[in-house]
Amino acid sequence: MSHSNEGKEATKLTSFVSSNFIRDIMLEDIKNNKNGGKIHTRFPPEPNGYLHIGHLMALVADFGLAEEFGGLCNLRFDDTNPEAEEQEYVDKIIEDIHWMGYDYEDRLYFASDYFQQLYEFAEQLILDGKAFVCDLTFDEMREYRGTLTEPGKESPYRNRSKEESLDLFRRMRLGEFPEGTHTLRAIIDMKSGNLNMRDPVIYRIKYAPHHRTGTDWPIYPMYDYQHPLSDAIEGITHSMCSLEYADHNELYQWFINNVKWQKHPDDPIPIQYEWSRLNVTGTVMSKRRLRRLVEEGYVDSWDDPRMPTMCGLRRRGYTPASLKDFIGRVGISRSPKIVDAALLEHCIREELNSTAHRTMAVLRPLKITLTNYPEGQTEYLEIENNPEDPCAGDRSVPFSRELYIEQEDFMENPPRKFFRLRPGGEIRLKGAYIIRCDEVVKDEEGNVVELLCSYDPETKSGSPQAGRRVRGTSHWVSAQHAATATVKLYDHLFTKDNPEDAEEGKDFTDYVNPESLEVLENCKIEPRLAEAQPGERFQFLRQGYFYVDHVDFAEGKLVFNRTVGLRDTWARMNR
RNA sequence: UGGGGAAUCGUCUAAUGGUAGGACAACAGACUCUGGAUCUGUAUGUGAGGGUUCAAAUCCUUCUUCCCCAACCA
């Protein structure tokens, strides 16, 4: 991927800024030389959907903390449910991880890589009297499990002989039984207050073909069994996950303690740590809801720039560095969090303010003619690319008699504090001259179609006499030299901070912002922008940061997606 | 008395018995050839009640509120 350099660069620049309890634990472990002072994490997505902003915490923490302590992070797909998982998602997830600049080197693993090993562990568990084959039906098992407040009952098959269980388990593996007729269950405690400990199922029969192992296996291990053992096999030291798995930690430890997985006495014993999930205002995260947005046409695709998916964020123009910065600022904790999307926007604005080149694009053009400027003349003005970065240099921008300015930079009857152009008033054209509006040209319906202006040759930017001041400055493009482009103005997808908190009779789709996308087809852009390459980011002066859509570009279209607008105190004053 | 987790400015997050601090958001002002950026300033917080202590966000205690768990999903 051409984007991987972007991510790697970002990795060097950014690390966590805030402290967090996981880091404290790692620091302590390193100090005590636990596991030889090594940190080894893993990022364990299930390939059943696209990575989205809710996964960002785990992604950045798993890879970022390992990186910070000179450790390693494996990429391991949790692919033990063939009904849900697809190769397509594996590929998309890998693409997103590469884009973020994270490197798992040759450590790309799949839980399915361990199916044979896990199977052997399971046989041993049976031999040790710690697991049995259960013939209870799905409904019976639910009944035997008890409830949150009542203890469960032991399965009548719990005490059958090891030999019988082993025989049955082997025949399960041979594919002799239909789905749903048998399970392998751990023998733990049906009375436990923790439902996960009530003789949990560790293998079930499934004949669905697996995206990697095909039809090799008629039985599949459950997450709770597979995950700790996969961690153990890989030598993971710190196994991090979100808080809804806290109840599973006891089971995690049970498998670590009861399966003979250790090859050497100093193989690290993995420990699970949990943190609270990341939520962001104005988004939905669940796969089901995201799918509805796509399928019901609220957005165009999974990578629509309004989607909170990683691929959507990328098309919106977010950078890996800004995303890492965001996670660093949010921090890792165990308290529930719904982070203000404004923080995410701040992170990308801050980065782009220092890196994005300034350009001029007139989104809604209003023609002006400088009546005292020589016809046919073009002068090239040197304008700085980025006032925040002197090294960014200057570029030449053509200036001529006929120009476009923004429609909203002119008002015939302006209110107080409107510092832009009005009849008889003056503004500076950025990097050029001060102009005065002499005459307003209207069509038959009274719409303003053109302004006749005059320029003051004494006020050329950079010249000694340029000192005269006017309050307003506008961006502009030369009509003759401008190219036309499509600009997509994106805004928040929802009108509500928490779209899921719907009123009676409504659901989250009722809060989709009808103005979340405005497509402008007739934007006039300066010559530099006509040469823009996919993946480039610019500031459109006074308007915002824009990303050259790499997807549209591949289809032959030059489209600028608004990543985020500039802070706009004028707009705020008018709210 | 099911089990587990969490409560600090509007939002995140620090302070591990010793001045409740930072970031984002908000507001006000300065500056500005981007109404951007930058700078300065302002307001807002320890869920509640008891207790220990010279001193409590922090320790003890009672209570309240919120989140997660009853897939042969992860």
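Values below: all heavy atoms of this structure, side chains included; hydrogens, waters and symmetry mates excluded. This is a predicted model, so every value here is computed, not measured.
In B:A28 the O4'-C1'-N dihedral to the base is more than 90° from 0, which defines an anti nucleotide.
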- Message: Test salt bridge (Lys or Arg N to Asp or Glu O under 4.0 Å) on A:Arg173 and A:Glu123; report intermediate values, then the result.
- Response: CA-CA 11 Å; A:Arg173 194 264 173 270; A:Glu123 284 203 351; over 6 Å; no
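Note on A:Arg567: a side-chain N or O is less than 4.0 Å away from OP1 or OP2 of B:A37. Remark: A:His475 is not in phosphate contact with B:U34, judged by side-chain N or O atoms under 4.0 Å from OP1 or OP2. Between A:Ser461 and B:C33 there is no side-chain N or O to OP1 or OP2 distance below 4.0 Å. The phosphate of B:G36 (OP1 or OP2) has no side-chain N or O of A:Arg572 nearer than 4.0 angstrom. Under 4.0 angstrom from either OP1 or OP2 of B:G35 there lies no side-chain N or O belonging to A:Arg471. Phosphate proximity of B:U32 to A:Arg428: absent, as no side-chain N or O sits under 4.0 Å from OP1 or OP2.
A salt bridge links A:Lys206 to A:Glu83: at least one charged side-chain nitrogen sits closer than 4.0 Å to a carboxylate oxygen. Taking 4.0 Å as the cut-off between side-chain N and carboxylate O, A:Arg420 and A:Glu406 do not count as a salt-bridged pair. For the pair A:Asp231 and A:Arg76, the salt-bridge criterion is met [side-chain N within less than 4.0 Å of a carboxylate O]. Taking 4.0 Å as the cut-off between side-chain N and carboxylate O, A:Asp568 and A:Arg572 do not count as a salt-bridged pair. Between A:Arg468 and A:Glu426 there is a salt bridge, since a side-chain N of the basic residue sits under 4.0 Å from a carboxylate O of the acidic one. Salt bridge absent: A:Arg567 and A:Glu345 never bring a charged side-chain N and a carboxylate O closer than 4.0 Å.
Ring stacking holds between A:Phe419 and B:G35, with the centres under 5.5 Å apart and the planes within 30 degrees of each other. By the 5.5 Å and 30° criteria, A:Tyr223 is not stacked with the base of B:A74.
Remark: side-chain polar atoms of A:Thr359 are paired, donor with acceptor, to backbone N or O of A:Gln539 under 3.5 angstrom.
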For residues 50-61 of chain A, dump all side-chain donor-acceptor pairs below 3.5 Å to protein atoms at least two apart in sequence or in another chain.
| from | atom 1 | to | atom 2 | distance (Å) |
| --- | --- | --- | --- | --- |
| A:Tyr50 | OH | A:Glu88 | OE2 | 3.2 |
| A:His52 | ND1 | A:Gly54 | N | 2.9 |
| A:His52 | NE2 | A:Met285 | O | 3.3 |
| A:His55 | ND1 | A:His52 | N | 2.9 |

- For RNA chain B, what string of dots and brackets results from 5' to 3' when Watson-Crick and G-U pairs need both distances under 3.5 Å, crossing pairs get [ ], and pairs with another strand get |? .((((((..((((....[..)))).(((((.......)))))....(((((..]....))))))))))).....
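Within a heavy-atom distance below 4.0 Å of RNA chain B, no residue of residues 273-284 of chain A is found.
For A:Asp247 against B:G3, a side-chain N or O and a base N or O form a donor-acceptor pair under 3.5 Å. Between the side chain of A:Gln539 and the base of B:U34, at least one donor-acceptor pair of N or O atoms lies under 3.5 Å. Judged by atom type and distance alone, A:Glu244 does not reach the base of B:G4 through any side-chain donor-acceptor pair under 3.5 Å.
The separation between A:Phe538 atom CZ and B:U34 atom P is 20 Å, rounded to whole Å. Rounded to whole Å, the distance from CD on A:Gln226 to C1' on B:C73 is 12 Å. Look at CG on A:Leu343: it is 12 Å from P on B:A26, rounded to the nearest Å.
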